[in-house]
Amino acid sequence: MEKLISGTRRLGLGLSAEQLDQFEVYYRELIDWNTRMNLTATTDYEEVQVRGFLDALTVVLAWQPPTEEPSTGKSPAVIDVGTGAGIPGVPLRIAFPGIRLVLLEATAKKTNFLHHLCGQLGLEDVEVINTRAEKLARSDQYRETFDLVLSRAVAPLPTLVELTLPFCAVGGTFIAHKKGNVDWEIKRAEAAITTLGGKLREVREVDMPEFPDRRLLVVVDKVSPTPEKYPRRPGIPAKRPLHS
Ligand code: SAM
């Protein structure tokens, strides 16, 4: 895990031997299951460390878990929307055992993998949910209850904010991992962000030698509740995005 160790050091994160073992198990399980189903196009040991695990952890450039308040003992609640094989949620949970994590994924085969993976990693408290974001966001148990909402490689921003911001508590944050030139995408998402109760805080460049391609974190604060009518029915946010 040399690549992950040097990269996380650059991010100011120290990983224990136990955490590095968990990443090793994660890699092994990913590659093993990938022979039977399509989980990842990246299978090389070093590439998974960088493009999978380290990329997920760059979220710390824009978000750090609050140091736990002994009086409340409340752990930050995090949801990863369209998590696929667990990116970015699982690496974040390994690095920060104090977070309460929900992994949301629409494809049952992938959630089977996630259940197995969490068992192997000893992360039995991670909640794996097999449904669509448009449906889960209608449930009082999950709507506007998360301190941090994450999502990588799921949809263009105007669609993505409708799938994610409804989960974010007012005062919470949504962070999207993006690649390449997304200026136009961000511009197109401005109206949707406002409509859904968000406010764009920053677009943070990930300036690390591991990522010569342009990587960005789009950081949106939730400043007011999402109107009841959002998200719309499954498929509609992608078909008719709320773009500017
Ligand atoms: N986030 C992972 C990553 O970066 O490796 C997976 C990315 S994969 C390209 C997109 C995933 O989002 C797919 O597994 C897909 O099933 C899931 N997805 C797409 N739309 C969704 C929705 N509306 N609700 C839940 N999951 C969704």
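Whatever order the structure lists ligands and atoms in, that order sets their numbers, starting from 1. Small disclaimer: the values here were computed from a predicted structure and weren't measured.
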*For Asp140, which residues count as a side-chain contact (heavy atoms from CB on, under 4.5 Å) partner, sequence neighbours excluded?*
none
_Once side-chain contact (heavy atoms from CB on, under 4.5 Å) is applied, do any residues pair with Asp207, and if so which ones, sequence neighbours excluded?_
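Residues passing side-chain contact (heavy atoms from CB on, under 4.5 Å) with Asp207: none at all.
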*asked:* Below 30° counts as parallel, above 60° as perpendicular, anything between as tilted: where do the rings of Phe23 and Phe53 land?
replied: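 Rings of Phe23 and Phe53: tilted, 30 to 60°.
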*State plainly whether the residues Arg51 and Glu210 are in salt-bridge range, i.e. N to O under 4.0 Å.*
no
_Between Lys199 and Asp221, does any NZ, NE, NH1 or NH2 come within less than 4.0 Å of an OD or OE carboxylate oxygen?_
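Salt bridge between Asp221 and Lys199, a charged N being under 4.0 Å from a carboxylate O: no.
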Region of [X] that comes within reach of ligand 1 [heavy atoms, distance under 4.0 Å]:
X      : value
Thr131 : backbone
His177 : neither
Val81  : neither

_Among Gly235, Ala153, Gly84, which one puts a heavy atom closest to atom 10 (C) of ligand 1?_
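Nearest heavy atom to atom 10 (C) of ligand 1 lies in Ala153.
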*asked:* Which residue and atom name correspond to the protein heavy atom nearest atom 26 (N) of ligand 1, and how close is it?
replied: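 Its nearest protein heavy-atom neighbour is Ala106 N, 3.3 Å.
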*Answer yes or no: does an N/O atom from Ala85 fall short of 3.5 Å to an N/O atom of ligand 1?*
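Min N/O separation from ligand 1 is not below 3.5 Å for Ala85.
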*N or O pair under 3.5 Å between Thr107 and ligand 1*: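 Yes; at least one N/O pair falls below 3.5 Å.
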